[in-house]
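Chain letters run A, B, ... following the sequence lines, proteins first, then strands; residues in each count from 1.
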Protein chains: 2
Amino acid sequence: MDAYVANALQAGTIMPAARTNQEDVESRPLSNFADGERIYMDGERAGQIYRVEYGAVRICRILANGRRQILAFHFGGNWFGLQAEDLRRSSAEAVGATGIKCVNIQETPGMWQGLLPVILDSFSSAQEHQLVIGRHSAIERVAAFLLEMSDRSGALCKYDLFMPRVDIADYLGLTIETVSRSLTKLKSRGVIKLNGTRGIEILNQEMLENLCM
Amino acid sequence: MDAYVANALQAGTIMPAARTNQEDVESRPLSNFADGERIYMDGERAGQIYRVEYGAVRICRILANGRRQILAFHFGGNWFGLQAEDLRRSSAEAVGATGIKCVNIQETPGMWQGLLPVILDSFSSAQEHQLVIGRHSAIERVAAFLLEMSDRSGALCKYDLFMPRVDIADYLGLTIETVSRSLTKLKSRGVIKLNGTRGIEILNQEMLENLCM
DNA sequence: CGTGCCGTTGACAGGCGTCAAGTACAGTGG
DNA sequence: CCACTGTACTTGACGCCTGTCAACGGCACG
């Protein structure tokens with residue numbers, strides 16, 4: 001929990017009551033999704049928010065000419081699907097076998113306030129990502145990605161990626177070939193080790209971090 | 001006001017009381033900033049949020065190697081500066097002569113709930129921008145930028161840009177030369193007309209929109 | 001009228017996308 | 001257990017887009 005919002009909580013500007021409602025989520029039924037299955041789709045009416053229980057979710061938008069941009073990945077414990085607009089402007093899809101719980105936001109009073117930290121966090125991630133895709137070269141983007149995934153796997157230096165190369169590419173605004181070449185380059189420089197196609201081992205964290213500046 | 005949040009308001013999940021507090025802002029003193037002056041800076045302690053009264057503000061991050069990314073522009077009426085973290089991770093600077101009102105968020109109970117639509121809006125803009133810088137060519141980015149600025153100038157087809165080329169470039173993840181060449185290309189295709197260095201006139205909105213897909 | 005800043009235009013090189021071929025691996029069926 | 005097949009990934013060749021460097025033009029200001 002972020003200090004800034006925590007302070008507001010202490011100061012009483014966010015009612016602690018808001019938190020208790022979030023615990024209702026635990027009792028909700030778990031929905032299971034197969035790899036690639038849609039949780040919601042661009043154009044649909046928005047009314048629910050979701051929490052990943054296991055597996056992963058990608059949020060993506062597809063342009064008329066077929067180009068795809070993955071806006072975010074969400075892993076266990078992450079909330080997603082909160083938005084101001086009436087209609088979905090992106091799709092959410094399972095990455096591998098995934099479990100989700102969902103909440104109808106209209107029927108859950110007090111939910112809003114508790115979700116402020118959630119949306120602030122999403123916003124912060126989106127800004128971070130803007131920086132990566134706006135001002136980084138291919139190898140720097142891949143380096144940033146590997147560090148992000150490491151962090152979100154509990155700061156492990158050895159972990160498995162949930163997603164195929166094409167998802168990494170569409171997240172980073174690159175092609176799969178460029179992602180592949182960048183990984184190979186990092187491997188041959190001794191920065192990382194690849195275990196099979198999804199396994200990542202960070203051998204030199206400092207070099208990776210230097211690439212992200 | 002977005003329908004989604006408006007519904008929540010009607011349903012009583014957001015207390016109408018939250019709105020009234022926002023009107024306190026009107027009585028706050030107006031701070032004036034000259035072109036380029038900092039409103040807050042990367043690394044500073046965050047505790048206030050801001051509203052642009054006139055002029056414009058850019059939110060930017062600078063990397064160690066000097067590369068800069070502008071994350072967002074804010075114009076009259078826009079709020080900015082809301083974040084979860086304790087410390088600023090970006091800087092806010094005036095673009096041209098600018099007037100700002102600010103609110104200390106800790107001292108203004110009820111402010112949080114009223115700001116949820118604000119942060120949702122910022123989030124939505126950030127995602128939109130991710131798409132533009134992730135999956136669009138130079139000319140498509142410039143086209144999207146011109147349409148965005150048009151919309152935010154009240155959907156006028158003839159308007160003035162607040163910012164110099166370098167700000168456009170750093171917003172779009174391009175160089176000033178590429179921005180300049182893209183504008184020239186749009187001009188020579190008869191899509192836009194340039195009035196002096198800041199004046200924009202959209203001659204063929206449809207062609208611009210097609211470029212953004 | 002000189003000076004400095006901002007923007008435009010041109011030449012050139014390099015990074016990344018595109019197209020294509022080759023490799024690894026999991027799943028299926030014999 | 002092994003061949004077959006399809007998918008995902010890697011690697012290579014090539015061309016284009018955009019970054020870099022440089023010169024030039026326009027405009028505001030002193």
Side-chain angles (χ1 to χ4, degrees), chain A residues 34-36 58 63 65-70 93 95-97 132-146 160-189 192-200 211 213, chain B residues 34-36 58 63 65-70 95-97 132-146 160-189 192-200 211:
Chain A
D35 183 41
R58 60 175 174 251
L63 297 171
N65 51 17
R67 288 178 287 189
R68 185 180 75 152
Q69 175 70 39
I70 292 182
E93 298 164 358
V95 181
V132 172
I133 58 182
R135 285 295 180 208
H136 283 175
S137 67
I139 198 164
E140 291 167 342
R141 295 184 206 192
V142 172
F145 177 76
L146 293 177
D160 280 317
L161 295 170
F162 282 77
M163 69 290 289
R165 296 288 187 269
V166 64
D167 283 2
I168 302 176
D170 288 343
Y171 182 57
L172 298 177
L174 299 170
T175 60
I176 50 172
E177 293 93 334
T178 302
V179 170
S180 181
R181 276 187 259 266
S182 299
L183 286 169
T184 304
K185 213 173 281 179
L186 289 171
K187 188 178 77 174
S188 63
R189 288 185 195 170
I192 59 169
K193 189 166 172 292
L194 299 173
N195 303 314
T197 131
R198 300 281 171 94
I200 299 289
L211 277 172
M213 300 286 268
Chain B
D35 183 41
R58 59 174 174 251
L63 296 171
N65 53 16
R67 287 178 287 188
R68 184 178 77 151
Q69 175 70 40
I70 293 182
V95 180
V132 173
I133 58 182
R135 285 295 180 207
H136 282 152
S137 68
I139 199 163
E140 291 167 342
R141 294 185 207 191
V142 171
F145 177 76
L146 294 177
D160 281 317
L161 296 170
F162 283 78
M163 69 291 287
R165 296 289 186 268
V166 64
D167 282 3
I168 302 175
D170 287 345
Y171 182 57
L172 298 177
L174 300 169
T175 60
I176 50 172
E177 293 93 335
T178 302
V179 170
S180 182
R181 274 187 261 266
S182 300
L183 285 170
T184 305
K185 212 171 287 181
L186 289 172
K187 189 178 76 176
S188 63
R189 289 186 196 172
I192 59 168
K193 189 166 173 293
L194 300 172
N195 302 315
T197 129
R198 300 280 171 95
I200 299 289
L211 277 172

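Taking CG from B/L194 and CD1 from B/I200, the interatomic distance works out to 5.0 Å, rounded to the nearest 0.5 Å. Here the straight-line distance linking atom CD1 of A/I133 with atom CZ of B/R135 works out to 9.0 Å at 0.5 Å rounding. Once rounded to the nearest 0.5 Å, the distance linking NZ of A/K185 with CD1 of A/I139 reads 5.5 Å.
Axis orientation changes by 30° from one end of the helix from C/dC1-D/dG30 to C/dG30-D/dC1 to the other, with each end axis drawn from 5 pairs and the value rounded to 10°.
Across the protein-nucleic acid pair, A/R198 atom CZ and C/dA26 atom P stand 11 Å apart, rounded to whole Å. Atom CG of B/N195 is separated from atom C1' of C/dG7 by 16 Å (rounded to the nearest Å). As a whole-Å value, the separation of A/I139 CD1 from C/dG17 P is 13 Å. Rounded to whole Å, atom P of C/dT9 lies 13 Å from atom CG of B/L186. The CZ atom of B/R135 sits 8 Å away from the P atom of C/dG17 (whole-angstrom rounding). Straight-line distance from the NE2 atom of A/H136 to the C1' atom of D/dT18: 18 Å, rounded to whole Å. If you measure from atom CZ of B/R68 to atom P of D/dG19, you get 15 Å, rounded to the nearest angstrom. What separates NZ of A/K185 from C1' of D/dG12 is a distance of 13 Å, to the nearest Å.
Across all strands shown, B/R141 has no heavy atoms under 4.0 Å from either base or sugar-phosphate atoms.
A/I70 pairs in a side chain to side chain contact (heavy atoms under 4.5 Å, CB included) with only one of the listed residues (A/I168, A/D170, A/V95), which is A/D170.
Using a 4.0 Å cut-off on heavy atoms, the residues of residues 166-183 of chain B that approach DNA chain C are B/E177, B/S180, B/R181, listed by number.
Judged by distance alone, with hydrogens and angles left aside, the side-chain atoms of B/S180 form no donor-acceptor pair with the main-chain N or O of B/I176 at under 3.5 Å. The closest donor-acceptor contact from the side chain of A/R58 to the backbone of A/Y171 lies at 3.5 Å or more, if one exists at all. Side chain of A/R141 to main chain of A/L172: a donor-acceptor pair is present (N/O by atom type, distance under 3.5 Å, no hydrogens or angles).
No side-chain heavy atom of B/E140 sits under 4.5 Å from any side-chain heavy atom of B/S182.
Residues B/Q69 and B/G173 come closest through the heavy atom pair OE1-CA, 4.3 Å.
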Could you write nucleotides 24-30 of chain D as a row of B, S and -, 5' to 3', where a protein heavy atom under 4.0 Å of any base atom gives B, of only sugar-phosphate atoms gives S, and otherwise -?
-------

Do B/D167 and B/L161 pass the side chain to side chain contact (heavy atoms under 4.5 Å, CB included) test, and can you show the C-alpha distance, the side-chain angles, and the key distance before you say yes or no?
CA-CA 11 Å; B/D167 282 3; B/L161 296 170; over 6 Å; no

Applying side chain to side chain contact (heavy atoms under 4.5 Å, CB included), run through B/H136 and A/R67 and close with a yes or a no.
CA-CA 9 Å; B/H136 282 152; A/R67 288 178 287 189; 3.9 Å; yes

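When distances run from any side-chain atom of B/R165 to the nucleotides D/dC9, D/dT11, C/dG7, the shortest one goes to C/dG7.
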